[in-house]
Enquirer: 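Right, I'll just put the structure down here and ask away after.
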Amino acid sequence: MPERRNFIREIINDDLRTNKYGGRVHTRFPPEPNGYLHIGHAKSICLNFGLARDYHGLCNVRFDDTNPTKEESEYVESIQEDVRWLGFDWGDRLYYASDYFEKLHAFALALIEKGKAFVCDLNADQIREYRGTLTEPGRDSPYRDRTVEENFDLFNRMRKGEFPDGSRTLRAKIDMASPNLNMRDPVMYRILHATHHRTGDTWCIYPTYDWAHGQSDSLEQITHSICTLEFADHRPLYDWFLKELGIYRPQQIEFARLNMTYTVMSKRRLLELVEGGHVGGWDDPRMPTISGLRRRGYTPESIRTFADRIGVSRSESTVDVAVLEDCLRDDLNKRAPRVMAVLRPLKVVIENYPDGKVEELSAVNNPEDETMGKRTVPFSRVLYIEHDDFREDPPKKYFRLSPGAEVRLRYAYIIKCVGVVKDQQSGGVVELRCTYDPQTKSGSAENIRKVKGTIHWVSAAHATDAEVRLYDRLFNVSEPGGENWKDSINPSSLQILKGCKVEPGLASSKPQERFQFERLGYFCVDNDSSGEHIVFNRTVTLRDTWAKIEKS
RNA sequence: UGGGGUGUAGCCAAGUGGUAAGGCAGCGGCCUUUGGAGCCGCCAUUCCCAGGUUCGAAUCCUGGCACCCCAGCCA
């Protein structure tokens, strides 16, 4: 039996023990195609498909497309792409609630027949008034006691399109005094003269989610119908429908949805970020959407690991985004080829290195994985180093370059700073004059000297230019919320750097390729890249203990 | 003061009457040609609170408290 323990697996284990479903485990992921999937959906996807995988069961994908006014084919496409990208396969079991519209309609007829459903002429406002409140019972609709014949007739005419939107509904006849508001004669069908992305204009009445969902699970013979906490109150309703219909009953299990620090997760807010132009779109690398994370450079593996690590429970929680970042670093550390890139170039001239000489130095592609081999990087008299790797007045414990100080150039030589060239006007440092120690060539026998610091570099004559987009958290408070959640949007969540210098081998990199820029972080080639113009996204920085030291 | 849920470390989360796993974060140290990675160590005498049962309680019982969800013809 699976290693990972959580309350859902306990339930399944029990059901297997008691043979409740004949040893079957059949789950499903039921998104509404009204937006893009986000990391919270990823949790659900990993949960449902993971259960199916571990218990040798099945997991369906079913679009809950019961509201034609909000749903679009574009979302149907993106959702499938995202689930596949995450690494899951639904086989031939891709379903739509709209596939069941005819069956659902027949079920409704059956309830009318039993006297358990009725056509109600109350409008939305009136239904609300009749519903009562949290502490007071509701009142029966004046149309509640229509005859079966009258209900059949009216419901038929609703379907035929004889009535305008909102004028009538089909309601379940349950209990207007129930303390559970979901049981106060809930609406099953509403009139909506809208074109559905799949059924077109075949229907002008559409089932509500509450009416469609349980029966859809039943029709698919789902064993464990996993959903989020807010549907716990609906479970008695779903069970009531199934019981009255006398059909197969899946077990609904609710779990707590994912919240993450420094981000928002509701589709409504995500949509607002997109429409308000706060981000570039659903796949903006700062978005917590699957497509955004993908573009940012996240791997499916890291997201799956994340889902495993955070677990599943019924208590509401907010997971530190650092956990997600750790999963990513852990994955990329093992797989991403290392490469040198200078984001904010500072020119360095090695005075005692012959002009025109070029050495091809051997560099390891990934110290975590020898099988990734080595490459060669050109070294010459004029180089670029990171501006941040030089300080005129170095603070304590600063192991990098400063006047008179020595540092190792990774895979190359130890150099010493012997002069600083400044801009006449601004006084800013524009060039460093250095000397190198020929005895310190990496890998050579006479290379025995040690220095504290090692920095990355790139040969000026050989470097390729690139644009680099640095991303930071989208919000500057850990839990953006309330009415003014947009006030905490981080104004510097995107910083675009042009004129970055990267090692020549990167000139041929393709979109989505991932690298570690040594000492800086993990980067991936953005889709905006084109032959001449290479664009990198910073996926995540490396852990930076120096930054911590400097802060304190 | 209706109904449904949830309370274990800064954040997640195991634990199912036998004496508080693990991860992230944090803090020390070792190692290091990435201030990366890796390695070692520290980090809850106590589980929302108060009583009770028991040789023994985070687990069982009673009573409180706090927080979340529900009054869409959204899902």
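Proteins get letters first, then strands, A, B, ... in listed order; numbering begins at 1 in each. The analysis underlying the following values was restricted to heavy atoms, covering all of them including side chains, and did not include hydrogens, waters or symmetry mates.
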Enquirer: Would you measure the distance from the P atom in B:C48 across to the matching atom in B:A37 and give it in whole Å?
Expert: 35 Å
Enquirer: Both distances under 3.5 Å, Watson-Crick or G-U wobble: report the partner of B:G2, or none.
Expert: B:C70
Enquirer: What does A:Y398 touch in the nucleic acid at a heavy-atom separation under 4.0 angstrom: a base, only the sugar-phosphate, or nothing?
Expert: base
Enquirer: Just wondering, more than 12 heavy atoms not from A:E370 lying within 6.0 Å of its CD?
Expert: no
Enquirer: Sticking with atom P, work out how far B:U32 lies from B:C47, rounded to a whole angstrom.
Expert: 45 Å
Enquirer: Expressed as a whole number of Å, how far does the C1' atom of B:G22 sit from that of B:A44?
Expert: 14 Å
Enquirer: Could you give the distance separating B:C67 and B:U1 at their P atoms, to the nearest angstrom?
Expert: 16 Å
Enquirer: Using whole Å, what does the distance between atom P of nucleotide B:A25 and atom CZ of A:F306 come to?
Expert: 13 Å
Enquirer: Are A:H105 and A:F155 close enough that their ring centers fall under 6.0 Å?
Expert: yes
Enquirer: Ignoring hydrogens and angles, tell me if any N or O in the side chain of A:N13 forms a donor-acceptor pair with the backbone of A:R9 under 3.5 Å.
Expert: yes
Enquirer: When the P atoms of B:G10 and B:C43 are considered, how many whole Å apart are they?
Expert: 15 Å
Enquirer: Relative to each other, are the rings of A:H234 and A:F231 parallel, tilted or perpendicular (30° and 60° limits)?
Expert: perpendicular
Enquirer: Determine which nucleotide pairs with B:C39, using a 3.5 Å limit on both distances of a Watson-Crick or G-U wobble pair.
Expert: B:G29
Enquirer: Confirm from the modelled atom types if A:E368 and B:G36 form a donor-acceptor pair under 3.5 Å, side chain to base only.
Expert: yes
Enquirer: Could you tell me whether the side chain of A:H196 and the main chain of A:D65 form a donor-acceptor pair under 3.5 Å?
Expert: yes
Enquirer: Quick one: which of B:C24, B:A75, B:U34 gets closest to the side chain of A:A322?
Expert: B:C24
Enquirer: Provide, to the nearest angstrom, the distance between the CE atom belonging to A:M340 and the C1' atom belonging to B:G36.
Expert: 15 Å
Enquirer: Tell me whether A:D14 at atom CG has more than 12 heavy atoms from other residues, nucleotides or ligands lying less than 6.0 Å away.
Expert: yes
Enquirer: Give me syn or anti for B:G56, where syn covers glycosidic angles within 90 degrees of 0.
Expert: anti
Enquirer: To the nearest Å, how far apart are A:E129 CD and B:C73 C1'?
Expert: 15 Å
Enquirer: Side chain of A:D326, heavy atoms from C-beta onward: which of B:U34, B:G35, B:A25 has the nearest atom to it?
Expert: B:A25
Enquirer: Counting side-chain heavy atoms from C-beta on, which of B:A71, B:C74, B:G36 comes nearest to A:R128?
Expert: B:A71
Enquirer: Could you tell me whether the side chain of A:Y384 and the main chain of A:A463 form a donor-acceptor pair under 3.5 Å?
Expert: no
Enquirer: For A:H456, which contact category applies under a 4.0 Å heavy-atom criterion: base, sugar-phosphate, or nothing?
Expert: nothing
Enquirer: Write down the protein N/O and nucleotide N/O pairs, taken from nucleotides 40-42 of chain B, whose separation is under 3.5 Å; answer none if there are no such pairs.
Expert:
none

Enquirer: What's the closest nucleotide to the A:T66 side chain, out of B:A75, B:U34, B:G35?
Expert: B:A75
Enquirer: For A:W457, is the NZ or CZ atom of A:R410 found under 6.0 angstrom from the centre of its six-membered ring and inside 45 degrees of the ring axis?
Expert: no
Enquirer: Looking at A:R184 and A:R131, would you say the former's side chain and the latter's main chain have a donor-acceptor pair under 3.5 Å?
Expert: yes
Enquirer: Rounded to whole angstrom units, what separation is found between the CD atom of A:Q516 and the P atom of B:G38?
Expert: 12 Å
Enquirer: Select base, sugar-phosphate, or nothing to describe what A:K334 touches, counting heavy atoms under 4.0 Å on all strands.
Expert: nothing
Enquirer: Both distances below 3.5 Å, Watson-Crick or wobble geometry, any strand: find the nucleotide opposite B:U46.
Expert: none
Enquirer: Using a cut-off of 4.0 Å on non-hydrogen atoms, how would the nucleic acid contact of A:K452 be classed: base, sugar-phosphate, or nothing?
Expert: nothing
Enquirer: Stacking between B:A75 and A:Y209, yes or no? Criterion: centroid separation under 5.5 angstrom, plane angle under 30 degrees.
Expert: no
Enquirer: Could you please name the partner base of B:C24, counting Watson-Crick and G-U wobble pairs only when both distances are under 3.5 Å?
Expert: B:G10
Enquirer: Does the protein touch nucleotides 10-20 of chain B at the base, only the backbone, or not at all? Give it as B, S and - per nucleotide, heavy atoms under 4.0 Å.
Expert: -SSSSSB----
Enquirer: Where does the angle between the aromatic ring planes of A:F517 and A:F523 fall among parallel (under 30°), tilted (30 to 60°) and perpendicular (over 60°)?
Expert: parallel
Enquirer: Nearest nucleotide by nearest heavy atom, which residue falls closer to the 5' end of RNA chain B, A:N333 or A:E230?
Expert: A:N333
Enquirer: Students often get this wrong, so: under 4.0 angstrom with heavy atoms, is A:L332 touching a base, only sugar-phosphate, or nothing?
Expert: nothing
Enquirer: Once you apply the 3.5 Å cut-off to both distances, tell me the Watson-Crick or G-U wobble partner of B:A58, or none.
Expert: none
Enquirer: Can you check the A:L258 CG to B:C68 C1' distance for me, whole Å?
Expert: 16 Å
Enquirer: A:R410 side chain N/O closer than 4.0 Å to the phosphate oxygens (OP1, OP2) of B:G35?
Expert: no
Enquirer: Just call it for A:N123: base, sugar-phosphate, or nothing, with non-hydrogen atoms closer than 4.0 Å on any strand.
Expert: base
Enquirer: Give me the distance, rounded to whole Å, that separates B:C42 from B:G63 when you measure between the C1' atoms they each carry.
Expert: 40 Å
Enquirer: Here's one to test your reading of the geometry: is the NZ or CZ of A:R139 within 45 degrees of the ring axis of A:Y130 and under 6.0 Å from its centre?
Expert: yes
Enquirer: What contact category does A:N447 fall into here, base, sugar-phosphate, or nothing, at under 4.0 angstrom with non-hydrogen atoms?
Expert: base
Enquirer: With no angle test and no hydrogens, is the base of B:G3 tied to the side chain of A:D233 by a donor-acceptor pair under 3.5 Å?
Expert: yes
Enquirer: Classify the nucleic acid contact of A:R400 as base, sugar-phosphate or nothing, counting any heavy atom under 4.0 Å across all strands shown.
Expert: base
Enquirer: So, is A:T69 near the phosphate of B:C74, with a side-chain N or O under 4.0 Å from OP1 or OP2?
Expert: no
Enquirer: Yes or no on side chain to side chain contact (heavy atoms under 4.5 Å, CB included) for A:L470 and A:V468, after CA distance, side-chain angles and deciding distance?
Expert: CA-CA 6 Å; A:L470 303 180; A:V468 174; 3.8 Å; yes
Enquirer: When you measure from the side chain of A:V187, which nucleotide among B:C73, B:A37, B:G2 comes out closest?
Expert: B:C73
Enquirer: Could you tell me whether A:I455 contacts a base, only the sugar-phosphate backbone, or nothing, with contacts defined as non-hydrogen atoms closer than 4.0 Å?
Expert: nothing
Enquirer: Tell me what A:I549 touches on the nucleic acid: a base, only sugar-phosphate, or nothing, going by heavy atoms under 4.0 Å.
Expert: base
Enquirer: For a quick check under 3.5 Å, do A:Y238 and A:D210 share a side-chain donor-acceptor pair by atom type?
Expert: yes
Enquirer: Heavy-atom count around A:R257 CZ within 6.0 Å, excluding the residue itself: above 12?
Expert: no
Enquirer: With heavy atoms under 4.0 Å as the rule, sort A:K267 into base, sugar-phosphate or nothing.
Expert: nothing
Enquirer: Identify, between A:A232 and A:S444, the residue whose nearest nucleotide on RNA chain B lies closer to the 5' end.
Expert: A:A232
Enquirer: Base, sugar-phosphate or nothing for A:G35? Non-hydrogen atoms, less than 4.0 Å.
Expert: nothing
Enquirer: If the C1' atom of B:C12 is compared with that of B:G17, how far apart are they to the nearest Å?
Expert: 27 Å
